[in-house]
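Comments concern the structure below.
In this text the structure is predicted, and so the values were computed from the model without any measurement.
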Amino acid sequence: MPPQQTCITGPRPNITEEVTDDHVRNTDGDDYIRPQLTLDGALDPLVAPRGKLRTSLLRRESFLMEFATSRGPPQVVALCMLLALALGSTIGIVPAVVTDRYARLNHGYSDSYDCSHYHSNQKPEACVAGNNDAQNASALTSLVSNLLTFVTSSVIGSLSDEYGRKGILVLGIFLSLLGPTCVVLLQLFDEMTPTWYYVASGSTGLVNWFAVALSVLSDVIPPKWRAPSFGLLLAGFSLGFALSPLFAILFSHLAVSILSLALLFGGFIFSIFVLPETLSHERMQAFQQVRRQQVLARGPNETFLKKVIRVLVRPVKEISILNRNRLFRLLSTLAFFSGMVSTADHSLLLYYVEDQFDFGDRDIAIMFLIMGVLGMFVQGVLLKPMNDFFGERRVIIIAFLFGTLTNLLYGLATNKGTIFVALGMSVFIGVSFPTISAIKSNNVNESEQGRIQGALYSLSALASAVGPLSLRAVYNMTKNDSYPGPGIMFVFAAVLYFVAVLCAIALPRNEANSSERHKDTFIHSSSEEPLLPSSSESYGSDSSFSP
């Protein structure tokens, strides 16, 4: 029997091997027996050849080598970095642009100076009213965008399991082009209302491309390295955001807006021609076969009304995966409370510091530089050692404790220095998201990676819709009170983070920590009882429908 060429199944299926009966010779010249591979595809140290055992194990165990040589993850991180650079460059200028426009259109402001020219205690009443209009519009847009994400994200994730990641990712990036385009047009046409910008920004909630990007990593990265790989993805974002506000110091608002649009268009082209499809054809076919069986089971006599009802309830069916077990319910609860605060921090903090502490372009650039550089260090360098040393459960607890303290400092701050200290501490909150995403990814079947990331994003979107409105309601009730006055909304946010801490403490260790989970997997690997539900069982139980 002539030898055939095949590839070993494992986290890095890129070593060509020659198989003769049950013996394997790879391109490095090593002989070993195929059944004596470990569960994750690495060489078993008890039977592997001594000559290159050390090199092979180091190669298998090197997270950075795994990530860098995988097909898809490096391209996704590069894409995220480019998009963060594009979107982040306008974050600092949008409040100033729309505040001035609302002041002129709605409140009769006609001064030759922009509203951003004045300090907080010298601003004309029209500029103060314009800033209030901008904050309300931002909160409402966040509500609409996140409600759209809540309805569509779990369905989009499931569709990416069925038809692939790339096409949906490209569509999401295209929608992200609309907001920056409107920012450019706002500065070119004096009578254009900011409503166009907020409508365009809200439409990005239809397709959340970031959830699909996480599924891209889950397709090719082994479970034990998913949390740090998600962290690297966020580190790429952090690097982009760290550099982006510098443009506002070097260029005019219009020039920065045009540059942002050009970079985003470059990311759109990159996603079309460079980003690979990471979902295998076999997995797509298996998922589609399940869908076809579900269609046949419904029969040809399904009425139009039943079809409409089935389509309308599909988002609820898809997100029901979050109620699968106690672990998912706890993770969903803490993700909800933390999501309420994190989105409110992102959407309202800029307006708050500009209004209360006279933050200008330079201050905002320093603000994003602190968050970007430290965020990149924490996500890209510290997250993996933290996971190895503390375990995922304790990492989440630590992250939310930092969230509690950070928001307390925001609310009680009396000067810029305290805000900057709080911003430096806030980067540790960011390790919670990749860790929660990894825990859920590690506890579902491979055919459900898109669905679980989409469902998690749907829940986060609901929290993000409620969060800014809740904090704005607290702000409106306390803005005229004595110290801390408007800062009370961030004290309220700290309380929500502390609730998330309590939920994190209740997480079961065996399921939350990947190292313990893998030990359990190894122990039960010979059992007839599967650790995770098969795709047919999963979709038959709580997803018996198709679009």
Side-chain angles (χ1 to χ4, degrees), residues 88 91-96 99-100 113-125 127-132 134-135 138-139 238 241-246 248-249 341-375 377-378 399-430 467-468 470-472 474-498:
I91 282 182
I93 69 173
V94 165
T99 292
D100 185 77
Y113 292 110
D114 288 344
C115 287
S116 58
H117 174 77
Y118 298 97
H119 294 291
S120 59
N121 57 352
Q122 300 174 338
K123 283 184 179 179
E125 283 298 320
C127 290
V128 174
N131 181 267
N132 192 57
Q135 290 193 54
S138 177
S238 296
F241 273 108
L243 299 175
S244 59
L246 299 177
I249 298 177
V341 182
S342 61
T343 304
D345 283 353
H346 293 156
S347 61
L348 300 179
L349 183 61
L350 272 177
Y351 295 96
Y352 177 75
V353 296
E354 285 184 356
D355 185 53
Q356 299 293 321
F357 299 98
D358 295 325
F359 268 53
D361 288 344
R362 180 181 177 83
D363 295 314
I364 292 173
I366 295 174
M367 173 179 167
F368 278 93
L369 188 63
I370 291 173
M371 292 191 298
V373 172
L374 292 181
F377 177 74
V378 170
F400 291 152
L401 285 173
F402 270 100
T404 303
L405 185 56
T406 295
N407 278 273
L408 278 176
L409 290 178
Y410 287 156
L412 302 178
T414 57
N415 53 62
K416 291 182 180 180
T418 305
I419 295 293
F420 285 129
V421 170
L423 287 169
M425 296 173 58
S426 71
V427 299
F428 284 95
I429 306 172
S470 301
L471 265 66
R472 282 291 295 168
V474 174
Y475 171 83
N476 288 330
M477 290 187 293
T478 60
K479 62 182 179 180
N480 296 321
D481 294 347
S482 58
Y483 173 82
I488 288 291
M489 66 175 175
F490 291 109
V491 176
F492 171 70
V495 174
L496 296 180
Y497 258 129
F498 188 72

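In this structure, Tyr497 has its ring center no closer than 6.0 Å to that of Phe402.
More than 12 non-hydrogen atoms from other residues, nucleotides or ligands lie less than 6.0 angstrom from CZ of Phe420.
Using modelled atom types, no side-chain atom of Thr406 and backbone atom of Gly403 make a donor-acceptor pair closer than 3.5 Å. Between the Asn415 side chain and the Thr418 main chain, a donor and an acceptor come within less than 3.5 Å of each other. The main-chain N or O of Cys115 is found under 3.5 Å from a side-chain atom of Asp100 such that the two form a donor-acceptor pair. A distance-only check finds no donor-acceptor pair linking the side chain of Tyr352 to the backbone of Phe490 [under 3.5 Å].
Between Phe357 and Phe359, the angle of the ring planes goes over 60°, which puts this pair in the perpendicular group of the 30/60° scheme.
To the nearest 0.5 Å, atoms SG (Cys127) and CG (Asn132) are separated by 13.0 Å.
In this view, Phe377 satisfies the ring-ring contact (aromatic ring centres under 6.0 Å, His included) rule with no residue, not counting sequence neighbours. Judged as a side chain to side chain donor-acceptor pair (under 3.5 Å), and not counting sequence neighbours, the contacts of Asp363 are Lys416. Tyr475 pairs by the ring-ring contact (aromatic ring centres under 6.0 Å, His included) definition with nothing, not counting sequence neighbours.
Looking at heavy atoms from C-beta onward, Val341 lies out of side-chain contact with Ile429 at the 4.5 angstrom threshold. Residues Thr99 and Gln135 fail the side-chain proximity criterion, which asks for heavy atoms closer than 4.5 Å. Side chains of Met489 and Thr478 form no contact here, defined as non-hydrogen atoms less than 4.5 Å apart.
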